[in-house]
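In what follows, a single structure is set out as structure tokens and then discussed.
The shown structure was predicted, so the numbers you read here are calculated from the model rather than taken from an experiment. Numbers for residues simply follow the sequence, beginning at 1.
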Amino acid sequence: MVLSLSLAHSLTLSRAESVELSLRLKFETCQQKEEVSFESSDPKFSIGPDGSLYAEQDVTNLTEPIQFMVTARDSMGKYIWETTVKLALAGHPTVPPPPTHTRSSSNGLRRQKRDWVIPPINVPENSRGPFPQVLVRIQSDQDKEIEIRYSITGAGADQPPNDIYIIDPVTGKMSVTKPLDREERASYHLRAHAVDINGNQMEPPIDLYIYVIDMNDNRPEFKNQVYNGSVAEVSKPGTSVMQVTAFDADDSTTANGLVHYRILSQTPHIPIPNMFTINGATGEISTIASGIDREKVSQYAIIVQATDMEGSLNFGLSNTATALISITDINDNPPELDSKTCFILFCGFTFRDKDQPHTPNWNAVYRITGGDQMGHFAIRTDEITNDGRVVVVKPIDYERNNAFTLMVVVSNQAHLASGIPSSPSSSAAVAITVLDINEAPVFPSNPKIIRFEEGVPADTTLATFAALDPDRFIQQTIRYSKLSDPANWLKINRTNGRITTTAVLDRESPYMKKNVYEATFLAVDNGSPPATGTGTLQIYLIDVNDNVPVLVPQEALVCERSRHGYPVNITASDLDSEPNAGPYVFELPSYPSSARRNWTISRLNGNYAQLKLRIPYLEAGMYRVPILVSDSGNPPLSNTSVLKVKVCPCDENGDCTVIGAVTVAGLGTGAIITILICIIILLSMVLFFVVWVKRREKERQTKPLLIDPEDDVRDNILKYDEEGGGEEDQDYDLSQLQQPESLDHIMSKPAGVRRVDERPVILESQYPVRPTVPHPGDIGEFIIDGLRAADNDPTAPPYDSLLVFDYEGSGSTAGSVSSLGSSSSGEQDYDYLNDWGPRFKKLADLYGGGGED
């Protein structure tokens with residue numbers, strides 16, 4: 001008998017397909033078809049007798065391809081076939097399954113033993129062992145002839161998580177090494193291998209499917225520990241409130257993962273303990289009874305329990321959560337006016353409403369429905385207390401209405417809920433009495449406007465500005481006074497309010513604004529306390545022609561030759577207004593005759609004219625041109641204005657030159673020349689003085705000094721704080737400190753002191769030249785000669801010092817300077833003199849080697 005197996009190994013499913021899958025198994029034999037039974041390794045799928053594959057569960061939630069094994073057996077159990085089926089949703093790639101293996105004992109087909117066909121292995125989670133725990137034994141039919149070694153591969157064996165499953169390589173016993181957790185991994189797919197001792201494959205790899213059997217080891221867990229919901233008060237039974245949800249990590253297809261909900265308790269038990277119910281399967285909470293009233297209970301707390309094992313309290317695991325249900329307010333309580341309180345200046349209402357404060361269901365709206373036709377009153381609502389207060393929004397006149405009766409209605413912002421057997425509003429009557437007070441006098445026309453021509457003389461009565469007292473039921477006297485009168489033109493009679501002028505009214509006054517003069521007056525009654533009213537009087541002054549026109553501008557500039565430059569545009573200004581102002585008439589008077597002889601005026605329009613030269617040339621200078629200007633009043637007024645015209649030489653562009661401008665300023669040619677000469681002389685003197693100062697400075701710098709700068713001791717004056725000696729020491733010749741008028745007495749003076757403060761201007765005396773380096777033996781004579789030469793030389797420095805030489809007496813304890821011996825042998829070393837500073841430089845040069853130079 002020859003069998004052929006044709007299987008559809010790889011299938012692609014669409015989410016819209018039926019649960020019957022297009023898989024067919026077809027067998028062909030030498031004689032006729034034999035009956036074959038099928039078995040699936042995945043309990044989610046089954047195979048019918050005709051080879052059709054069915055899904056026992058919903059497969060539309062597959063997220064990745066699923067693979068399982070299909071085994072076929074003949075009726076005698078002699079032949080076994082197996083193949084791998086892989087299912088994937090449309091859009092997921094499919095991988096071809098391994099080929100089908102068939103074994104027989106003859107005719108070229110290899111027979112497959114039962115020991116090498118391993119059905120799916122089910123292992124319960126949380127097993128207590130002992131471990132390792134043997135699950136199955138794998139054995140090849142060739143292990144009797146050849147030494148076989150067994151191994152397994154896949155996730156859980158040699159792939160993470162490693163070493164959960166192990167296999168004895170000799171006996172083929174596969175074991176689990178530790179307890180399994182279905183919530184971590186629900187199934188394992190391993191492959192078993194059989195090789196000889198040389199590593200040669202003796203059997204094709206076989207797939208091992210291990211399924212972890214779920215145990216009820218997880219409690220239901222609520223998504224939130226506290227749920228918040230709300231429902232309106234006066235809701236009907238069956239109104240949905242909220243939904244709670246719990247999740248169980250156990251298998252949801254078994255009772256271990258099926259959760260059931262129930263309500264354990266309700267707080268408070270008002271009006272009944274069971275105001276709410278819950279759907280055991282979905283967790284939806286809804287109302288079950290009527291009578292929910294927010295004014296009695298504003299919130300309910302419900303303890304909800306979730307139990308798995310379909311709610312079995314004996315076998316299931318449970319967990320609890322809290323559901324807080326807030327009762328939302330509706331306007332089911334109309335407002336009520338508890339009382340009304342009225343005082344002299346205040347009237348208010350006390351409000352009461354049981355609804356939730358500071359919501360539209362509680363906020364009060366007050367309305368005045370009657371008793372106030374003129375709209376004198378309004379009601380203000382206190383935002384905190386919701387009370388109402390009657391306020392005056394329009395002035396009340398006691399003389400017209402001395403009492404009011406108001407009808408006040410109060411309601412809520414929100415409409416009253418339907419089905420409430422109460423009126424949506426509350427009303428009350430308010431009686432208000434008006435008190436009379438002393439009101440200020442009122443001017444009937446305020447402001448009062450009167451019209452007069454300007455020039456109204458003093459003591460003219462303008463009008464009577466009287467006020468009325470609105471207090472008709474009280475007899476009072478009114479007195480008038482002036483509050484504001486900027487120009488002090490008016491006065492008012494204290495008793496009757498008659499206004500008269502105190503000065504002439506002038507429309508051109510700076511106190512006028514748009515021809516209107518404004519004054520303010522007071523009216524005071526004799527009430528208690530006195531009241532004062534204010535009235536304004538506006539006087540409109542009509543213009544009269546009382547101001548002459550004035551020429552504009554007052555000065556102008558014209559070129560001396562008429563062909564150059566431009567004419568002068570002139571106009572006039574008049575303080576009067578139309579028609580007493582323009583148009584103006586401009587004329588040149590007949591006197592002086594030079595005006596019309598030299599100048600001419602041409603009219604441009606009603607307000608402007610042009611002045612220009614009549615003659616071709618006019619000498620540069622300042623000219624006063626009289627012009628007669630007349631306005632258009634009735635009768636017209638005229639005025640002769642003088643225009644100062646500066647005539648000057650101009651360039652080609654018609655601009656006045658600089659010399660011309662000076663000439664026009666009033667200076668003639670002689671005056672200009674004189675000014676220029678004076679400026680030149682002044683500059684020459686300044687230049688001469690600067691040259692003289694520079695020359696003097698140069699002479700001072702070029703004169704040589706009479707002594708070596710290194711020998712000059714003027715900057716090395718030593719001061720000793722000594723009070724001096726006796727009378728002999730004080731015998732000084734003070735005349736040496738003064739500048740002598742002549743030098744005769746100095747030149748005739750015997751040898752002695754001959755110093756003066758300034759260098760003499762006489763010729764310098766000629767003295768024999770002294771040797772530069774004297775002989776050491778003549779030191780005393782050298783000093784005496786030098787002293788004598790210095791005393792007799794009036795030109796020798798220092799000029800600002802006075803040297804006094806005098807006899808100091810005998811018997812000095814100090815030795816004589818002349819006793820100091822000097823030797824020319826040269827054995828004495830004077831090099832130390834170089835270290836004594838610049839004062840001893842000369843001496844160091846004489847004795848320290850200066851002779852060799």
Can you list the steps and then say if Q243 with T282 is a side-chain hydrogen bond (donor to acceptor under 3.5 Å, both in side chains)?
CA-CA 8 Å; Q243 184 177 13; T282 62; 4.6 Å; no

Apply side chain to side chain contact (heavy atoms under 4.5 Å, CB included) to E310 and H260, showing your working.
CA-CA 6 Å; E310 298 180 305; H260 184 79; 5.8 Å; no

F404/I396 under side chain to side chain contact (heavy atoms under 4.5 Å, CB included): CA gap, chis, key distance, verdict
CA-CA 11 Å; F404 294 88; I396 302 174; 3.9 Å; yes

As a quick check of understanding, evaluate side chain to side chain contact (heavy atoms under 4.5 Å, CB included) for V410 and I379, giving each step before the final call.
CA-CA 10 Å; V410 60; I379 300 180; over 6 Å; no

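Of the charged side-chain nitrogens involved, at least one lies within less than 4.0 Å of a carboxylate oxygen, so that D329 and R294 count as a salt-bridged pair.
Separation of atoms OG1 (T277) and CD1 (I302) is listed at 9.5 Å; rounding is to 0.5 Å. Separating the CG atom in N274 from the NE2 atom in H269 is a distance of 8.0 Å, to the nearest 0.5 Å. The CG atom of L313 sits 5.5 Å away from atom OG1 of T307, with the distance rounded to the nearest 0.5 Å.
T532 approaches A440 most closely through the heavy-atom pair O-CB, 3.2 Å. Nearest heavy atoms, D469 versus E439: OD1-O, 3.9 Å.
In summary, of the residues considered (T267, L324, I327, I325), a side-chain contact (heavy atoms from CB on, under 4.5 Å) with Q299 occurs for L324 alone. Applying side chain to side chain donor-acceptor pair (under 3.5 Å) to N256 and the options D308, D250, D214 leaves one that passes, D214.
The number of heavy-atom neighbours closer than 6.0 Å to CZ of F315, taken from other residues, nucleotides and ligands shown, is 12 or below. Counting heavy atoms of neighbouring residues, nucleotides and ligands inside a 6.0 Å radius, atom CD of Q159 exceeds 12 of them. Counting heavy atoms of neighbouring residues, nucleotides and ligands inside a 6.0 Å radius, atom CG of L264 exceeds 12 of them.
Between Y261 and F222, the two ring planes are tilted [angle within 30° to 60°].
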